[in-house]
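From a predicted model like this one, the values you see are computed outputs, not experimental measurements. Quick note: numbers below take in every heavy atom, side chains included, and nothing from hydrogens, waters or symmetry partners.
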Amino acid sequence: MLVSAATMAQTASLTYPTTRKTDQTDTYHGTTVPDPYRWLEDDRSAETGEWVKAQNKVTFDYLAQIPYRKQLQDRLEKVFNYPKYSAPSRKGDWFYFSKNDGLQNQSVLYRQKGLDGKPEVVIDPNKLSADGTTRLTAFSLSKNGEYAVVGTSKGGSDWNEFRVMKMADKSYFPETIEWVKFSGGAWQGDGFYYSRYPKPEGSALAAKNENHQVFFHKIGTPQSADRLVFEDKANGQRFHFVQTSDDERYAFLNVSDRGKGLDGNALYFMDLTKSSGAASTFQPIVSEITNFQYRVIDNVGTDFLIETNADAPNSKVMRYATASKKWTVVLPEKPEPLTSSSMAGGKLFAEYSKDVTSRVYVYDPNGKLENEIGLPGIGTAGGFGGERDDKFVFYTFTSFTFPPTIYRYDIATKKSTIFRQPEVDFKPTDYETKQVFYASKDGTRVPMFITYRKGVKLDGTSPTLLYGYGGFNVSLPPSFSSLLIPFLEQGGVYAQANLRGGAEYGEKWHEQGMKLKKQNVFDDFIAAAEYLIAQKYTSPAKLAVRGGSNGGLLVGAVMNQRPDLFRVAIPQVGVMDMLRFHKFTIGWNWIADYGSADNADEFKALYAYSPLHNLKPGQPYPATLITTADHDDRVVPAHSFKYAATLQEVYKGTNPVLIRIDTNSGHGASNTKKNIEQTADIYSFILWNMGVSTLKEMASR
């Protein structure tokens with residue numbers, strides 16, 4: 001592979017911190033597995049803290065020597081610096097929306113009376129911490145709009161703190177609700193339902209989370225007085241969520257058990273006009289947890305509209321009658337997956353995905369088609385929710401070269417008009433996106449989007465960034481990111497592969513990338529890289545791969561299986577230890593997708609691809625920049641710590657193997673500044689290790 005002399009000299013001078021090894025081993029089904037860096041799992045130890053400092057010094061000293069790092073960061077700031085709005089939502093006379101002026105660390109929540117009213121600040125999270133890393137994570141208005149549950153988290157953590165705001169003067173009640181995780185606030189009368197865990201023992205950022213409890217909080221009272229509504233101590237790894245209907249008549253309890261490898265949920269309801277709100281008054285709609293999912297859209301009188309994939313891998317909408325307990329079909333399953341459904345203004349809005357692009361239809365509550373909503377092009381639409389008496393709804397449309405634009409859809413006239421359109425420092429007409437389909441190892445047809453500047457020569461010399469995820473029933477539809485622009489301006493090609501394990505083609509597509517079939521995901525990604533090389537978009541010397549979380553696992557796995565195929569690898573906040581992931585925070589929740597080392601057959605599959613356990617001496621590993629953060633309590637940083645220590649131990653080549661550990665940040669960048677800094681470092685690392693010594697002139701309006 002060709003690299004610049006400066007890059008080789010810089011890499012040759014790298015000296016990695018010495019990482020202490022121990023004799024720790026574990027035995028799984030007769031197989032002994034060493035884990036010499038187990039001590040790095042203790043995020044509170046002084047030794048781990050010193051290791052983090054030493055690794056960061058090597059990494060940031062390396063990055064500081066890249067001559068255009070600051071130039072890239074300045075350009076990223078420029079293209080990111082434009083007003084970004086959310087679509088408004090209505091509550092009574094008020095419209096609520098968020099706005100980021102451009103480079104604010106956190107978006108600000110506003111409201112205004114009517115669409116022509118003067119906006120006023122409701123919550124400015126930028127004022128909640130000195131470094132702008134406290135985020136607004138929940139804002140749930142009571143049905144009458146008089147109160148709101150306000151959730152915040154610090155430093156990127158998944159732990160939330162709830163308070164209650166009086167909307168008349170935006171003051172707070174005195175109480176604070178702690179140890180909330182994976183929960184919203186579901187209002188009913190003078191209080192709301194929420195879910196929390198008991199206070200963790202040991203590290204709040206690494207301790208295993210079990211016994212997800214549902215409480216009811218009455219406003220103006222201390223948390224100690226909250227009424228326990230539901231818990232299941234016998235099944236500590238279940239999630240319990242409550243939502244309430246718009247008319248507050250019904251509460252719905254959703255129970256899932258992914259810790260036992262089940263991907264579906266049970267569903268219960270409570271008629272709040274006939275019950276005391278106790279756990280015993282929940283009535284089953286679906287009492288058994290299987291791999292089928294059920295989600296209540298809304299109630300129509302005493303009947304419920306429910307979206308489900310029961311005997312329908314692409315999902316459908318059913319109507320459940322509480323009186324007779326009978327189910328009837330409202331929207332039957334279609335060849336395309338149903339990606340979302342919602343009620344507003346007396347209409348049922350349904351969004352489908354055809355080859356990973358949106359199609360949106362409007363139905364009456366009985367499932368009669370009224371019309372299709374015409375979208376501006378090939379891309380992704382989202383929104384369409386609202387109140388029962390709404391006359392119009394808002395939705396957002398975006399694509400790779402189409403900045404998120406908010407539209408107003410008038411229900412009576414069935415017409416869409418632009419409500420708010422952003423202005424970004426680039427010309428969309430200078431770029432193009434293609435959707436291609438390629439064959440994976442087993443012949444499966446896999447879609448991929450490829451975006452680049454018009455006029456780029458397909459001669460194999462373009463710096464190319466291949467991104468993937470492939471898991472947890474998550475799709476990667478077309479979307480816009482201004483932070484891609486500086487990479488594209490350098491003649492870069494961005495490719496986004498829609499791997500199995502996601503939701504692009506419904507539950508069957510998801511199942512083809514789960515558990516014992518996880519290797520399909522890696523094969524799909526490798527085949528995407530081979531396609532880009534064969535079609536001369538790029539070459540192995542100019543190809544980088546990137547993914548985060550489950551996508552970090554993806555990058556780590558393909559690095560082991562095909563290290564010759566990529567010049568640069570960026571595994572971000574990855575699940576790298578596939579034998580112990582379920583022992584930290586919420587990791588047990590991933591067993592439904594990954595399986596568990598506690599199962600002999602699943603252990604064999606996990607051990608075969610686990611990024612940490614398949615690092616071997618003598619492999620030509622690509623230049624690697626691992627990223628994680630000290631407050632990531634979803635995929636704990638120990639995954640990346642142990643992976644980095646092992647890779648630095650076994651790899652003896654000249655490519656840099658670095659780990660970038662952000663502080664006061666979490667599973668994603670905790671503020672705008674950190675996001676831009678990290679992106680600049682990643683692009684700098686990629687281009688520098690592809691032999692790019694200077695940048696091309698960057699466009700500007």
Side-chain angles (χ1 to χ4, degrees), residues 17 19-20 22 24 26 35-56 129 131 133-135 137 151-162 176-183 195-213 223 233 236-237 239 258-259 549 552-553 572-591 596-597 612 626-646 659-670 674:
T19 307
R20 177 174 64 87
T22 71
Q24 173 70 45
D26 299 288
D35 193 3
Y37 301 120
R38 175 77 59 85
W39 62 271
L40 285 168
E41 292 179 356
D42 185 356
D43 64 306
R44 298 181 299 168
S45 78
E47 187 178 12
T48 299
E50 290 304 313
W51 184 89
V52 167
K53 290 179 183 177
Q55 289 285 352
N56 266 346
S129 60
D131 60 357
T133 60
T134 295
R135 296 176 298 157
T137 53
T152 56
S153 74
K154 298 177 180 179
S157 170
D158 280 337
W159 287 114
N160 279 233
E161 182 179 279
F162 279 4
T176 297
I177 301 171
E178 298 180 307
W179 304 115
V180 179
K181 188 179 264 195
F182 308 122
S183 175
S195 303
R196 58 158 292 185
Y197 287 103
K199 182 178 179 180
E201 296 181 7
S203 170
L205 297 176
K208 197 172 185 177
N209 300 145
E210 293 186 311
N211 193 15
H212 204 222
Q213 305 163 310
Q223 184 175 13
K233 289 183 178 180
Q237 294 181 347
F239 284 129
R258 293 178 61 88
S549 196
L553 156 65
Q572 298 186 255
V573 293
V575 187
M576 304 313 227
D577 184 345
M578 298 308 297
L579 305 186
R580 288 177 58 78
F581 69 83
H582 56 300
K583 296 182 180 296
F584 303 98
T585 62
I586 209 68
W588 50 262
N589 179 52
W590 314 330
I591 291 174
S596 168
L612 174 65
I626 304 156
T627 72
T628 186
D630 63 350
H631 276 60
D632 188 347
D633 50 1
R634 195 172 310 171
V635 180
V636 294
H639 282 277
S640 294
F641 292 176
K642 295 199 297 183
Y643 178 76
T646 306
I659 181 168
R660 183 188 188 279
I661 306 153
D662 211 344
T663 56
N664 215 23
S665 201
H667 197 56
S670 56
K674 289 180 179 292

By ring pair (Phe, Tyr, Trp, His ring centres under 6.0 Å), H212 pairs with (sequence neighbours left out) Y197, F239, F241

Look only at the side chain of T646 and the backbone of L612, and say whether a donor-acceptor pair between them is shorter than 3.5 Å. no

Which pair of non-hydrogen atoms, one from D35 and one from D577, has the smallest distance, and what is that distance? OD2-OD2, 4.5 Å

I'd like to check the side chain to side chain donor-acceptor pair (under 3.5 Å) partners of T585; sequence neighbours left out, ordered by chain and number. none

Please enumerate all residues that pass salt bridge (Lys or Arg N to Asp or Glu O under 4.0 Å) together with R196, with sequence neighbours excluded. none

Restricting to ring pair (Phe, Tyr, Trp, His ring centres under 6.0 Å), what partner residues turn up for F162, sequence neighbours left out? none

Can you name the closest pair of heavy atoms from S670 and G155 and give their distance? CB-C, 4.2 Å

Among all residues two or more places apart in sequence or in another chain, which pass the side chain to side chain donor-acceptor pair (under 3.5 Å) test with T133? D131, N664

Residues forming a side chain to side chain donor-acceptor pair (under 3.5 Å) with Q55, sequence neighbours excluded: Q648

Distance (rounded to the nearest 0.5 Å) between H667 NE2 and D633 CG: 10.0 Å

Please identify each residue that fulfils side chain to side chain contact (heavy atoms under 4.5 Å, CB included) with T628, with sequence neighbours left out. V573, P637, S640, F641, I659, I661

First locate atom CH2 of W179, then atom CG of N160, and finally report the distance between them rounded to the nearest 0.5 Å. 11.5 Å

Can you establish whether the number of heavy atoms outside K154 located under 6.0 Å from its atom NZ is more than 12? no

For the residue pair N209 and W588, what are the closest heavy atoms and their distance? O-NE1, 2.7 Å

Taking only residues two or more places apart in sequence or in another chain, which ones pass side chain to side chain donor-acceptor pair (under 3.5 Å) with R44? none

If you take all heavy atoms of G259 and Q237, which pair is closest and at what distance? CA-OE1, 3.8 Å

Going by the rule side chain to side chain contact (heavy atoms under 4.5 Å, CB included), which residues pair with Y643 if we only count those two or more places apart in sequence or in a different chain? M559, P571, M576, P611, L615, I626, L647

Just to verify, what does D158 make a salt bridge (Lys or Arg N to Asp or Glu O under 4.0 Å) with, not counting sequence neighbours? R634

Where does the angle between the aromatic ring planes of H639 and W590 fall among parallel (under 30°), tilted (30 to 60°) and perpendicular (over 60°)? tilted

Are the side chains of V635 and L553 in touch, meaning some heavy atoms are under 4.5 Å apart? no

Identify the heavy atoms of V180 and S195 that sit nearest to each other, and give their distance. CG1-O, 3.3 Å

Before you tell me yes or no, could you show the steps for K583 and E41 under side-chain contact (heavy atoms from CB on, under 4.5 Å), namely the whole-Å CA-CA distance, both residues' side-chain angles and the distance that decides it to 0.1 Å? CA-CA 11 Å; K583 296 182 180 296; E41 292 179 356; over 6 Å; no

Could I get the full list of salt bridge (Lys or Arg N to Asp or Glu O under 4.0 Å) partners for D26, not counting sequence neighbours? R38

Sequence neighbours excluded, which residues qualify as salt bridge (Lys or Arg N to Asp or Glu O under 4.0 Å) partners of K674? D662

Is there a donor-acceptor pair under 3.5 Å between the side chain of W39 and the backbone N or O of R20? yes

Mind checking whether F182 and I586 have side chains closer than 4.5 Å, heavy atoms only? yes

Among E161, H631, R135, which residue meets the side-chain hydrogen bond (donor to acceptor under 3.5 Å, both in side chains) test with S153? R135

Distance-minimising heavy-atom pair for L579 and H582: O-CE1, 3.2 Å

OG on S596 to CE on M578, rounded to 0.5 Å: 10.0 Å

